[in-house]
Chemist: 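Just passing along the structure, written as structure tokens.
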Amino acid sequence: MGPTLLLTGANGFVGFKVLLSALEKGYNVRAAVRSLSKSESLVQHPKIQVLKASDRLSFVEVPDITNQQAYEEAVKGVAYVIHLASPLPSPFLDPQTGIYEPNVKSVTSMLQAASQEPSLKKLIIASSVFANMPFPPNGDKITPESRLADVPGPFDSMIPAYSAGKIGALNATERFVKENNPSFEVVNVFPGFVFGPDDRALEADDLMASTNRIMLGVVTGQEAPGPMPAGACHVYDVAKLFVQALNDGAPKNIGATVSHVFNEAWDIVKENFPHAVRSGIFTQGSQETIPIDWDAHQTEVDFGFKFKTWSDMVVDVARQYLELLGKAKE
Ligand SMILES: NC(=O)c1ccc[n+]([C@@H]2O[C@H](COP(=O)([O-])OP(=O)(O)OC[C@H]3O[C@@H](n4cnc5c(N)ncnc54)[C@H](OP(=O)(O)O)[C@@H]3O)[C@@H](O)[C@H]2O)c1
């Protein structure tokens, strides 16, 4: 049996791909879910079934990630943690209690539990490019080592709440490490907007349950209400980095983003899927982009691969969308 990895957020867009990759690499995965009722659909998912790894996948219920004892049971006996569970910006969540607080408190509760667990070697946290990018952006160059001061709340809109939550979680992590000198390593991964095939998806509408809906908006006639910062990463690159970050010697701050322009998705789709454009499946929308100088090139050097491009992300999502609509060959 390989070492045990606690994975939070395993039923999310990024988490599901990390789950598949970790099982493929031979880890025993303990997936933390908000409710055990969510575990059955994960176990039964065709992409999990095909791995024949059900003996290496178990579940632990963590009903409230903001509770400071949330992960005490979940971390027992594990060698590694990949911590992805936290809310993304959503108009359906309260910015203060539904976005900002869970982003900060789920990380502090994980650190608290981890510090009580002698078997733990490494904790990898899903940060974000938003964790060290001033919002609104000011044009400065950003690297994985850039840091910002905590932003005082309360927050009444979703992007500032998410940004402040990721800043607060990163700063709390670094304070914790400085003050407690834990025996385990802590790694932060900083992805840009994540796009790419959603391995959970069984029908076309399922693609709207992830950040892919922002990209699909540009090619399905949606006009976005406001601009979004540049910076994107293919979900396969992000998942690969989370799993490879478990290896000894991996860097502690890992950028995962390439520059992109949302509206170029339309030109990419026109070039690659002309039939679907002619038949009206794809129609032009718009999402304005704020240019950002977030430099993650060192990750390519450290891990020895080139990030997939915005064009790769658009082609892969558009292809999956057509396949799920049953229109891939039109
Ligand atoms: N997607 C991106 O563009 C992007 C970019 C940078 C960083 N990240 C970070 O990567 C991580 C995963 O993102 P994702 O795109 O996979 O998000 P996602 O699809 O929305 O999945 C989020 C996961 O976190 C869990 N979660 C969210 N809020 C929770 C709460 N209040 N209590 C308990 N569990 C909660 C969800 O569980 P339920 O299914 O029970 O809701 C789900 O498993 C997040 O930390 C996110 O901030 C994402």
Side-chain angles (χ1 to χ4, degrees), residues 6-20 31-39 41-42 59-67 70-71 74 81-90 92-107 109-110 124-133 144 158-159 161-170 173 188-201 206-215 228-239 241-242 254-258 260 262 292 294 296 313 317:
L6 171 65
L7 174 62
T8 76
N11 54 331
F13 170 44
V14 177
F16 190 68
K17 186 65 196 166
V18 173
L19 173 62
L20 296 175
V33 284
R34 220 192 280 229
S35 142
L36 282 179
S37 62
K38 300 210 171 195
S39 61
S41 56
L42 273 181
F59 293 91
V60 57
E61 193 171 52
V62 178
D64 180 6
I65 60 176
T66 65
N67 180 324
Y71 290 110
V81 177
I82 297 179
H83 179 48
L84 295 159
S86 72
L88 291 174
S90 163
F92 305 109
L93 295 171
D94 178 79
Q96 179 71 21
T97 59
I99 300 176
Y100 172 77
E101 288 174 11
N103 265 291
V104 178
K105 289 182 179 173
S106 74
V107 169
S109 63
M110 179 57 81
I124 301 176
I125 299 172
S127 187
S128 161
V129 290
F130 276 97
N132 58 7
M133 171 175 73
M158 61 181 186
I159 302 275
Y162 179 72
S163 163
K166 288 298 191 190
I167 293 168
L170 178 61
T173 301
N188 276 286
V189 181
F190 299 81
F193 288 101
V194 182
F195 300 105
D198 187 335
D199 282 332
R200 302 169 302 173
D206 294 345
L207 296 184
M208 301 301 175
S210 71
T211 23
N212 282 324
R213 72 177 162 275
I214 307 173
M215 174 207 286
M228 292 277 200
C233 196
H234 196 289
V235 67
Y236 290 0
D237 285 345
V238 176
L241 286 172
F242 274 108
I254 302 173
T257 187
V258 292
H260 82 295
F262 281 106
I292 304 289
W294 212 113
M313 297 175 222
V317 172

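Each ligand, and each atom within it, is numbered from 1 in the order the structure gives.
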Chemist: I'd like to check whether Pro191 has a polar contact with ligand 1, where a contact means an N/O of the residue lying under 3.5 Å from an N/O of the ligand.
Modeler: no
Chemist: To the nearest 0.5 Å, what is the distance between OG (Ser106) and CG (Asn67)?
Modeler: 12.0 Å
Chemist: Let me know which of Val33, Val18, Val81 forms a side chain to side chain contact (heavy atoms under 4.5 Å, CB included) with Leu7.
Modeler: Val18
Chemist: Which residue holds the protein heavy atom closest to atom 38 (P) of ligand 1, what is that atom called, and what is the gap in Å?
Modeler: Lys38 NZ, 3.4 Å
Chemist: Any chance you could measure Glu61, atom CD, to Lys38, atom NZ, to the nearest 0.5 Å?
Modeler: 11.0 Å
Chemist: Distance under 4.0 Å to a non-hydrogen atom of Leu84: what atoms of ligand 1 satisfy this?
Modeler: 11 (C), 12 (C), 44 (C), 45 (O)
Chemist: Can you find a non-hydrogen atom of Ser106 under 4.0 Å from ligand 1?
Modeler: no
Chemist: In ligand 1, which numbered atoms sit nearer than 4.0 Å to a non-hydrogen atom of Lys166?
Modeler: 45 (O), 46 (C), 47 (O)
Chemist: Within a strict 4.5 Å, meaning less than it, do heavy atoms of the Thr8 and Val62 side chains meet?
Modeler: no
Chemist: With atom 9 (C) of ligand 1 as the reference point, say which of Gly192, Gly98, Ser127 has the nearest heavy atom.
Modeler: Ser127
Chemist: Return the closest protein heavy atom for atom 39 (O) of ligand 1 as residue, atom name and distance.
Modeler: Asn11 ND2, 2.8 Å
Chemist: Please work out whether any backbone atom (N, CA, C, O) or any side-chain heavy atom from C-beta onward of Thr211 is under 4.0 Å from ligand 1, and answer side chain, backbone, both or neither.
Modeler: side chain
Chemist: Among Pro102, Gly12, Pro89, which one puts a heavy atom closest to atom 21 (O) of ligand 1?
Modeler: Gly12
Chemist: Donor-acceptor pair, Asn212 side chain versus Gly196 backbone, under 3.5 Å?
Modeler: yes
Chemist: Under 4.0 Å, heavy-atom basis, I'd like to know which part of Tyr162 is in contact with ligand 1: side chain, backbone, both or neither.
Modeler: side chain
Chemist: Would a distance-only check, ignoring hydrogens and angles, find a side-chain to backbone donor-acceptor pair under 3.5 Å from Asn103 to Pro87?
Modeler: yes
Chemist: Distance to 0.1 Å, residue and atom name: give those for the protein heavy atom nearest to atom 19 (O) of ligand 1.
Modeler: Phe13 N, 2.9 Å
Chemist: How many angstroms lie between atom OG of Ser86 and atom OH of Tyr162, to the nearest 0.5 angstrom?
Modeler: 6.0 Å
Chemist: What class does the angle between the rings of Trp294 and Phe190 fall in, given that below 30° is parallel, 30 to 60° is tilted and above 60° is perpendicular?
Modeler: tilted
Chemist: Just go through Ser86, Ala126, Ala85 and tell me whose heavy atom is the nearest to atom 22 (C) of ligand 1.
Modeler: Ser86
Chemist: Would you say ligand 1 has an N or O under 3.5 Å from any N or O of Asn103?
Modeler: no
Chemist: Within the structure, is a non-hydrogen atom of His83 found at a distance of less than 4.0 Å from ligand 1?
Modeler: no
Chemist: Which of the atoms of ligand 1 are close to Gly9, meaning less than 4.0 Å from one of its heavy atoms?
Modeler: 23 (C), 43 (O)
Chemist: Given Val14, which of Leu19, Leu84, Ile82 fulfils the side chain to side chain contact (heavy atoms under 4.5 Å, CB included) condition?
Modeler: Leu84
Chemist: Nearest 0.5 Å, please: how far is CZ in Phe130 from CG in Leu170?
Modeler: 14.5 Å
Chemist: Looking at Lys105, is its backbone amide N or carbonyl O close enough to the side chain of Ser109 to form a donor-acceptor pair, meaning the two atoms are under 3.5 Å apart?
Modeler: yes
Chemist: Show me which atoms of ligand 1 lie under 4.0 Å from any heavy atom of Pro87.
Modeler: 27 (C), 28 (N)
Chemist: Shortest non-hydrogen contact from Pro229 to His260?
Modeler: O-CE1, 4.1 Å
Chemist: Look at atom 16 (O) of ligand 1 and say which protein heavy atom is nearest, naming residue and atom and giving the distance to 0.1 Å.
Modeler: Val14 N, 2.8 Å
Chemist: Considering the heavy atoms of Phe193, write down every atom of ligand 1 situated less than 4.0 Å from one of them.
Modeler: 3 (O)
Chemist: Short list, please: which atoms of ligand 1 are under 4.0 Å from a heavy atom of Leu88?
Modeler: 15 (O), 17 (O), 20 (O), 46 (C), 47 (O), 48 (C)
Chemist: Which atoms of ligand 1 are found less than 4.0 Å from any heavy atom of Val194?
Modeler: 1 (N), 2 (C), 3 (O), 4 (C), 5 (C)
Chemist: Keeping Lys17 on the side-chain end and Gly12 on the backbone end, is there a donor-acceptor pair under 3.5 Å?
Modeler: no
Chemist: Of the protein's non-hydrogen atoms, which lies at the shortest distance from atom 35 (C) of ligand 1, and what is that distance?
Modeler: Arg34 NH2, 3.4 Å
